[in-house]
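Below is one structure, written out as structure tokens; the observations come after it.
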Amino acid sequence: MTVRLFNTLTATVEDLVPADGRELRIYACGPTVYDYCHIGNFRTFLQMDVLRRFLRQQGYRLRHVMNVTDVDDKIIRNAAEAGLAIGAYTAKYEKAFFEDMEALGCERPEVVARATENIPEMIALVDRLAEKGLAYRTGDGSWYFRIAGFPGYGKLSKKDFTGLNDGARVDVDEYDKDSARDFALWKAAKPGEHFWDLNLGPGRPGWHIECSAMAMKYLGESIDLHAGGEDLMFPHHENEIAQSESASGKILSRHWMHVRFLLVEGRKMSKSEGNFFTLRDLLLKGHKASAIRFLLISVPYGHPLNFKQDGLIESANAVERLRTFAQRLRGGGFAEGRDAALEDLAQRTQESFREALANDLNTAEARAAIFEMARTANSAADAGSLRAGNVPAMLEALRQFDEIFCVLEDRDAEITRRALEWGQAEGRLDRAALQLQEELSLDEHRIEALVAEREQARRSRNFARSDEIRSHLAAKGILIEDTRDGVRWRRR
RNA sequence: GGCGCGGUACCCAAGUGGUAAGGGAGAGGUCUGCAAAACCUCCAUGCGUCGGUUCGAUCCCGACCCGCGCCUCCA
């Protein structure tokens, strides 16, 4: 099925098709590894994950490149403060980033490109621009891009730069630029700073050039899709377009996708507002990784997502409902035969799911289809009309759902344990986290033993003892359910 | 000031020119030793306000109110 996505460049929904008819070439802006990533960052990466998973499910072949920005002003500053080489400083955060991505169930893109490993390519690109008269050097040895030399500037963000914009907010530090809007391609090194000295003079790359150079290196001069958070639209992506298209004479990307912001309680997340959460913060508060993933992908990428911690509880409950349903189907015990209406439902669910995602990645509608199937199927199972022959198609619908949403398998306790280990090593465990650690320290054998003892008590109709065990476990976050097919336990 | 987005039930949140998906929470019920799970019923004559177009608008147009984002580093 052809996937349709809103294209920022044309402001319309368009088919996503590989230009070469074979492999879709995607470049997505990745993290700057100067700190732990926050959930706003992860909303974007998670939405990209949904996109790539769905594209592959629909038969697309992908070459998805994500950059890791491992040199910039903050990194240089923080590394110097920590007395570390920048590589040593960024290694820690890059590692944490991929651990977090793994915890959230994000697939690794086909190519992960580090800025510091592609400096020669960036320099070559600046050279090309200089040859065309679009890059110039200022008194301090920095290189800038001449925006006046690129007529299309502003076409992505729909900004008009033809007027007299200079002067509105002039950057006083950069007085010798030709125009206040001109942006840095190469920043001259200040004393004591890390620098590369090839043929542009000692310095380091400007932010935008890395993406232009790496997209070109790994995907070619013209790609199918370029994506990132909405804040990157301007100036970052606009500047990439200016650099790449000036150098190559070709369109950088035919399609542009921007993930809208995640807001916290209706406001933009920022450290100064105190509404700033990293993934690790949330895990240590006891939120499940699956709930975080489910919440962050449940609102379609084209809408802002209003994040609240209560939403995570709700999402955890919603995920649990689907897990319970899947378990029920797998548990079997249904009468032979096949109900035609339910067979039809399973097919329709698969179609609705696929169609919702193909329509500009409408994850909200896609998940609604699955919940509808779960409700009807549960109801039928209660009534006895769900037959063994209906199970495979329903499990297939769930499989297709989980290939994208990736929340049914329960890895939550393990992921939280890892976060707790990290928190302990970093001295970041507060009372709530210690309580959580205590709960998770109860191992499965011990739980199973207590559950068995409770079963024994129940059989001899010693309900006092049975309830005592149940409430003892409940206090440790373990919920026990007696079902027709025996006992089942799970963590709150 | 410029550009843009959004205001849908208690909360989160899709969506459509023909009368409001889904999830969570809540209330009542079925089942259960009791719970839990699951299911059933209830929970917006209503989709920011006011006009307009239309046989008909939450969805189109206009004005207004409110909230937010970008325009500077930022997913």
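So you know, we letter chains A, B, ... as the sequences are listed, proteins then strands, and number each from 1. Every heavy atom of this structure was used, including side-chain atoms; hydrogens, water molecules and symmetry mates were not. Note that this is a predicted model, so its numbers are computed, not measured.
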Q. To the side chain of A:Glu365, which of B:C68, B:A38, B:A14 is closest?
A. B:A14

(Q) Applying a 4.0 Å non-hydrogen cut-off, can you work out what A:Asp467 is touching in the nucleic acid: base, sugar-phosphate, or nothing? (A) base

Q.
For B:A37 and A:Arg321 - does any side-chain N or O of the residue sit under 4.0 Å from the phosphate oxygens OP1/OP2?
A. no

Q: Measure from the side chain of A:Lys159, starting at C-beta and using heavy atoms only, and say which of B:G2, B:G69, B:A14 lies closest.
A: B:G2

Q: Round to a whole Å and report the spacing from CG of A:Asp231 to P of B:C5.
A: 17 Å

Q: Please measure how far the P atom in B:U8 lies from the corresponding atom in B:G67, and state the result in whole Å.
A: 14 Å

Q) Is the A:Phe145 ring parallel, tilted or perpendicular to the A:Phe183 ring (thresholds 30°, 60°)? A) parallel

(Q) Nearest heavy atom decides the nucleotide; on that basis, is A:Ser315 or A:Val259 closer to the 5' end of RNA chain B? (A) A:Ser315

Q: Could you state the atom-to-atom distance from CZ of A:Phe183 to P of B:C73 in whole Å?
A: 11 Å

Q | Distance, P atom - from B:C68 to B:U16, rounded to whole angstrom | A | 27 Å

**Q.** NZ/NE/NH1/NH2 to OD/OE distance under 4.0 Å, A:Glu320 and A:Arg492
**A.** no

**Q.** Selection residues 341-356 of chain A - residue pairs positive for salt bridge (Lys or Arg N to Asp or Glu O under 4.0 Å), sequence neighbours left out
**A.** A:Arg4-A:Glu355, A:Arg338-A:Glu343, A:Asp344-A:Arg348

(Q) If I take atom CG in residue A:Leu322 and atom C1' in nucleotide B:G24, what distance separates them, rounded to the nearest angstrom? (A) 13 Å

Q) What is the distance from CG of A:Leu156 to P of B:C70, rounded to the nearest Å? A) 16 Å

(Q) Classify A:Asp73 by what it touches in the nucleic acid, base, sugar-phosphate, or nothing, heavy-atom distance under 4.0 Å. (A) nothing

Q: Consider the side chain of A:Arg490, meaning its heavy atoms from C-beta on, and name the nucleotide among B:A37, B:G33, B:G24 that approaches it most closely.
A: B:A37

Q) When you measure from the side chain of A:Arg375, which nucleotide among B:C39, B:A36, B:G33 comes out closest? A) B:C39

(Q) Could you tell me how far apart A:Arg267 (CZ) and B:G7 (P) are, to the nearest whole angstrom? (A) 18 Å

Q) Quick one: CG on A:Asp72 to OH on A:Tyr34, what's the gap to the nearest 0.5 Å? A) 8.0 Å

Q | Separation of the P atoms in B:C5 and B:A44, to the nearest angstrom | A | 32 Å

Q) Considering the options A:Thr32, A:Thr90, A:Thr116, which one meets the side-chain hydrogen bond (donor to acceptor under 3.5 Å, both in side chains) requirement together with A:Asp70? A) A:Thr116

Q: For A:Lys268 and B:C70, give me the distance from atom NZ to atom P, rounded to whole Å.
A: 4 Å

Q: Assess A:Arg108 against A:Phe98: is NZ or CZ under 6.0 Å from the centre of the six-membered ring, and within 45 degrees of the ring's axis?
A: yes

Q) Is there a side-chain polar atom (N or O) of A:Asn378 under 4.0 Å from OP1 or OP2 of B:A38? A) no

Q. With a non-hydrogen cut-off below 4.0 angstrom, is A:Leu262 in contact with a base, only sugar-phosphate, or nothing?
A. base

Q.
Below the 4.0 Å mark, does B:G23 have OP1 or OP2 next to a side-chain nitrogen or oxygen of A:Asn317?
A. no

Q. When you compare B:C40 with B:U45, how far apart are their C1' atoms, in angstrom units rounded to a whole number?
A. 25 Å

Q) With a 4.0 Å cut-off on heavy atoms, is A:Thr363 in touch with a base, just the backbone sugar-phosphate, or nothing at all? A) nothing

Q. When the P atoms of B:A75 and B:A25 are considered, how many whole Å apart are they?
A. 34 Å

Q. Quantified in whole Å, what is the P atom distance between nucleotide B:U19 and nucleotide B:U58?
A. 12 Å

Q. A:Lys308 has a side chain; which of B:G24, B:G69, B:C12 sits nearest to it?
A. B:C12

(Q) Categorize A:Gly228 for me: base, sugar-phosphate, or nothing, with a 4.0 angstrom heavy-atom threshold over every strand shown. (A) sugar-phosphate

(Q) Taking 4.0 Å as the cut-off, does a side-chain nitrogen or oxygen of A:Arg454 come that near to OP1 or OP2 on B:A35? (A) no

Q) When we call it a touch if two heavy atoms are under 4.0 Å apart, what does A:Phe261 touch: a base, just sugar-phosphate, or nothing? A) base

Q: Evaluate whether atom NZ of A:Lys95 has more than 12 neighbouring non-hydrogen atoms of other residues, nucleotides or ligands under 6.0 angstrom away.
A: no

Q. Between A:Asp73 and A:Lys187, does at least one N-O distance fall below 4.0 Å, as a salt bridge requires?
A. yes

Q) Does any non-hydrogen side-chain atom of A:Ile241 lie less than 4.5 Å from one of A:Phe150? A) yes

**Q.** Side-chain touch A:Thr363/A:Phe294, heavy atoms, less than 4.5 angstrom
**A.** no

Q.
Parallel, tilted or perpendicular, judged at 30° and 60°: which one describes the rings of A:His38 and A:Phe276?
A. perpendicular

Q) Any idea which of B:C71, B:C39, B:C70 is nearest the A:Arg181 side chain? A) B:C71

Q: Return one dot-bracket line describing RNA chain B 5' to 3' (Watson-Crick or G-U wobble pairs, both distances under 3.5 Å; ( ) same strand, [ ] crossing, | another strand, . none).
A: (((((((..(((.....[...))).(((((.......))))).....(((((..]....))))))))))))....

Q. Using a heavy-atom distance cut-off of less than 4.0 Å, which residues of residues 291-304 of chain A contact RNA chain B?
A. A:Val299, A:Pro300, A:His303

(Q) Around atom CZ of A:Arg399, are there more than 12 heavy atoms from other residues, nucleotides or ligands closer than 6.0 Å? (A) yes

Q: When you get a sec, tell me which of B:A75, B:C73, B:A21 is the closest nucleotide to the side chain of A:Ala364?
A: B:A21

Q. Taking the same atom, C1', in B:A9 and in B:G62, what whole-Å distance lies between them?
A. 28 Å

Q. What nucleic acid atoms does A:Arg458 come within less than 4.0 Å of, heavy atoms only: base, sugar-phosphate, or nothing?
A. base

(Q) Looking only at the side chain of A:Phe371 (C-beta and beyond, no hydrogens), which of the listed nucleotides B:C34, B:C12, B:G23 gets closest? (A) B:G23

Q: Please check the phosphate of B:C34 (OP1 and OP2 only) for any side-chain N or O of A:Arg470 closer than 4.0 Å.
A: no

Q.
Under 4.0 Å, heavy atoms only, any strand: does A:Arg465 hit a base, just the sugar-phosphate, or nothing?
A. nothing

Q: Would you indicate what A:Leu479 reaches in the nucleic acid, counting non-hydrogen atoms under 4.0 angstrom: base, sugar-phosphate, or nothing?
A: nothing

Q: Provide, to the nearest angstrom, the distance between the CE atom belonging to A:Met373 and the C1' atom belonging to B:A38.
A: 15 Å

Q | Of the listed nucleotides B:G24, B:A75, B:A13, the one nearest the side chain of A:Glu314 | A | B:G24

(Q) Between P on B:G22 and CZ on A:Phe353, what's the gap in Å once rounded to a whole number? (A) 17 Å

Q: Please measure how far the P atom in B:G46 lies from the corresponding atom in B:A27, and state the result in whole Å.
A: 26 Å

Q) Hey, which of these two, A:Thr483 or A:Thr376, hits RNA chain B nearer its 5' end, going by closest nucleotide? A) A:Thr483

(Q) What's the separation between atom CG in A:Leu263 and atom CE in A:Met269, rounded to the nearest 0.5 Å? (A) 9.0 Å

Q.
Can you tell me if A:Glu444 has over 12 outside heavy atoms packed within less than 6.0 Å of its CD?
A. no

Q. To the side chain of A:Asp482, which of B:G69, B:G22, B:A35 is closest?
A. B:A35

